[in-house]
Amino acid sequence: MKHTILALLQQHSGTFLSGADISRRLGVSRASVWKDITALRQEGFTIEAATNRGYRLTDGPTFLHTTEVLRLLTTKHMGRAFTLDDKVDSTNRRALSAAEAGAPDGAVFATLEQTEGRGRMGRPWYSPTHADASLMMSVLLRPRTPVVNAAQITLVAGLAVYQGIEDLLTDPPDSMSSPIPSYSPIPSSSPEPATPKTGIKWPNDIIINGKKTAGILTELVAEIEHIKAIAVGIGINAQIMRFPPELNDSATSLSLETGRTYSLNGLAASVLNRFEPLYDRFLENGFLSDILPIYQKNCVTLGQDIKAVYNNKEIYGRAVTINARGELIIRLATGSDTALNSSEVSVRGLMGYT
Ligand code: BTN
């Protein structure tokens, strides 16, 4: 019943609905309406109550809430099966085991808390326990495409997360962001920071003002030729205000860079709303036609002098382009070019993080 009341308030968002009206429409007592309104408030919804006017929903929670994500989605299938856990070891592991049990293409597995967040190259992923500090979700995909194309999906996901974050930073839709309240570590009187500079660091780190704010780990289950399931694990630092010392120089969060708070529901929806059309285009037209040029335009690694670590060996060169397979081409001091595969190398810029 609580969810029906929420849906009703959402349909009438901004206008008051009287308690009598709600109880008549849903065939429940006014006392039961009041009980559910109280429960929704405890879940983070802001619901105004006014004498003789009734109830009005004015804001949603900043932490993940399935109803809120579904309300903000504009996708046909991606995220429509949305599972939110209170606590998991890793959403990627969760998505891949759900895949074994038959979960569909586009299903999303998110969590409020992640105890063993995994990063690329076997590193751990910093997953703070505060409920709206970071977005942790995995999108399960079952593409009918050969295994060699998995690296391209990693780049498609990177572009989607980049675009989803950009959308949010440039034009936050309804209930997606608000200025940081005065109890936060950023004083409310401080001036709004300058427009943040965002970009993709190949293959799929999202960089804001030179520091990493989001990462993606793509893991797959495959037979020799055929992909059975891919978990695209997305971690976005949203409201993290302090990082462990070892990450301080390289990591940042949306809030640290913009001085605003972001609803994880808006953030999740924004990313998925971008991901679905890109993924559909990828399946239909391939990577090369229109996705690679957009990716390259927003890739901050290109033109940089970089160091790549491959098989414990360091390679230095200038990143010159990305090829049709999604590999990064670097020009070595000898003048010859070499292609780096995203699943095998870690890349760092020599001038700053990117
Ligand atoms: C990276 O190293 O940049 C990739 C980080 C990916 C982190 C996310 S959080 C949700 C999903 N579950 C995991 O265990 N990892 C990914």
Side-chain angles (χ1 to χ4, degrees), residues 1-86 106-108 110-112 131-132 135 137 164-165 167-183 188 236 238-239 254-255 258 260-277:
M1 185 50 59
K2 194 174 65 181
H3 291 111
T4 321
I5 293 182
L6 178 60
L8 198 61
L9 291 171
Q10 283 170 338
Q11 279 161 24
H12 292 80
S13 85
T15 55
F16 280 99
L17 262 182
S18 74
D21 198 3
I22 300 175
S23 69
R24 199 177 48 248
R25 284 178 193 231
L26 305 181
V28 293
S29 70
R30 290 182 67 174
S32 138
V33 172
W34 172 246
K35 207 176 106 228
D36 286 340
I37 296 273
T38 308
L40 287 167
R41 283 178 171 155
Q42 277 161 2
E43 287 178 24
F45 291 92
T46 309
I47 300 171
E48 278 177 28
T51 324
N52 296 330
R53 299 183 76 189
Y55 303 105
R56 177 167 75 163
L57 177 67
T58 55
D59 209 354
T62 52
F63 51 85
L64 278 180
H65 198 288
T66 306
T67 324
E68 269 296 277
V69 176
L70 294 178
R71 182 176 76 85
L72 295 166
L73 281 180
T74 56
T75 58
K76 283 203 192 71
H77 68 275
M78 195 177 281
R80 293 289 163 185
F82 191 90
T83 304
L84 176 61
D85 290 301
D86 285 341
V108 171
T111 190
L112 298 178
D132 66 358
L135 176 65
M137 68 176 181
I165 289 178
D167 289 346
L168 209 63
L169 297 189
T170 49
D171 184 18
D174 163 39
S175 100
M176 288 194 184
S177 106
S178 53
I180 286 193
S182 51
Y183 53 75
S188 58
I236 304 179
Q239 263 76 240
L254 300 179
S255 287
T258 65
R260 300 182 76 82
T261 55
Y262 294 87
S263 151
L264 297 191
N265 302 298
L267 192 52
S270 193
V271 167
L272 297 170
N273 290 342
R274 283 295 197 160
F275 199 176
E276 181 178 273

**Q** For residues S270 and I165, determine if any side-chain heavy atom of one lies less than 4.5 Å from a side-chain heavy atom of the other.
**A** no

**Q** After noting the C-alpha distance and the side-chain angles of I5 and L26, does the key distance pass the side-chain contact (heavy atoms from CB on, under 4.5 Å) rule?
**A** CA-CA 8 Å; I5 293 182; L26 305 181; 3.5 Å; yes

**Q** Enter the distance from L84:CG to E68:CD here, rounded to the nearest 0.5 Å.
**A** 12.5 Å

**Q** Once rounded to the nearest 0.5 Å, what's the spacing between atom CG of L72 and atom NE2 of H65?
**A** 12.5 Å

**Q** Kindly say whether P61 contributes a backbone atom to a donor-acceptor pair with the side chain of N265 at under 3.5 angstrom?
**A**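 Side chain of N265 to backbone of P61: a pair is present.
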
**Q** A side-chain contact here means heavy atoms from C-beta on lying under 4.5 Å apart; do Q10 and T67 qualify?
**A** yes

**Q** Drop me the distance from I47's CD1 to Y55's OH, to the nearest 0.5 angstrom.
**A**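 These two atoms lie 9.0 Å from each other.
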
**Q** Counting only N and O atoms by type, is there a donor-acceptor contact under 3.5 Å from the side chain of S32 to the main-chain atoms of V28?
**A** no

**Q** Should R56 and L9 count as side-chain neighbours, where that means a heavy-atom distance under 4.5 Å?
**A**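 No. Closest side-chain heavy atoms not under 4.5 Å.
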
**Q** Would you name the heavy atoms of R274 and G164 that are closest together and state the gap between them?
**A** CG-N, 3.8 Å

**Q** What heavy-atom pair brings S255 and R260 nearest, and what distance separates the two atoms?
**A** OG-O, 2.6 Å

**Q** Compare every heavy atom of L272 with every heavy atom of T75, then report the nearest pair and how far apart it is.
**A** CG2-O, 3.4 Å

**Q** Please check this pair: side chain of T111 against backbone of D85, looking for a donor-acceptor N/O pair closer than 3.5 Å.
**A** yes

**Q** So, does E276 use its side chain to make a donor-acceptor pair with the main chain of M78 at under 3.5 Å?
**A** yes

**Q** Over all heavy atoms of both residues, which pair between V108 and M137 is shortest? Give the atoms and the distance, please.
**A** CG1-SD, 3.9 Å

**Q** Starting at CG of L64, measure out to OG of S263 and round the result to the nearest 0.5 Å.
**A**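 Interatomic distance, L64 CG to S263 OG, rounded to 0.5 Å: 8.0 Å.
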
**Q** Heavy-atom distance under 4.5 Å between the side chains of F45 and D59, does that happen here?
**A**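 The answer is no; the side chains never approach within 4.5 Å.
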
**Q** Can you tell me how far CG of L254 sits from OG1 of T261, rounded to the nearest 0.5 angstrom?
**A** 10.5 Å

**Q** Please output the side-chain donor-acceptor pairs of residues 14-23 that fall under 3.5 Å, not counting sequence neighbours, one pair per line with the distance.
**A**
residue : atom : partner : partner atom : Å
T15     : OG1  : H12     : O            : 2.8
S18     : OG   : D21     : N            : 3.0
D21     : OD1  : R24     : NH2          : 3.1
D21     : OD1  : R25     : NE           : 3.3
S23     : OG   : G19     : O            : 3.4
S23     : OG   : A20     : O            : 3.1

**Q** Taking side chain as C-beta onward, heavy atoms only, is T46 less than 4.5 Å from L57?
**A** no

**Q** Can you check whether Y262's main-chain N or O pairs, donor with acceptor, with Q239's side chain at less than 3.5 Å?
**A**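 Checking the backbone N and O of Y262 against the side chain of Q239, a donor-acceptor pair under 3.5 Å is found.
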
**Q** Enumerate the salt bridge (charged side-chain N to carboxylate O under 4.0 Å, His left out) contacts for residues 29-41, please, sequence neighbours excluded, ordered by first and then second residue.
**A**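 Applying salt bridge (charged side-chain N to carboxylate O under 4.0 Å, His left out) to every pair that reaches into residues 29-41, excluding sequence neighbours, yields nothing.
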
**Q** Please name the pair of heavy atoms, one in A269 and one in V69, separated by the smallest distance, quoted to 0.1 Å.
**A** CB-O, 4.2 Å

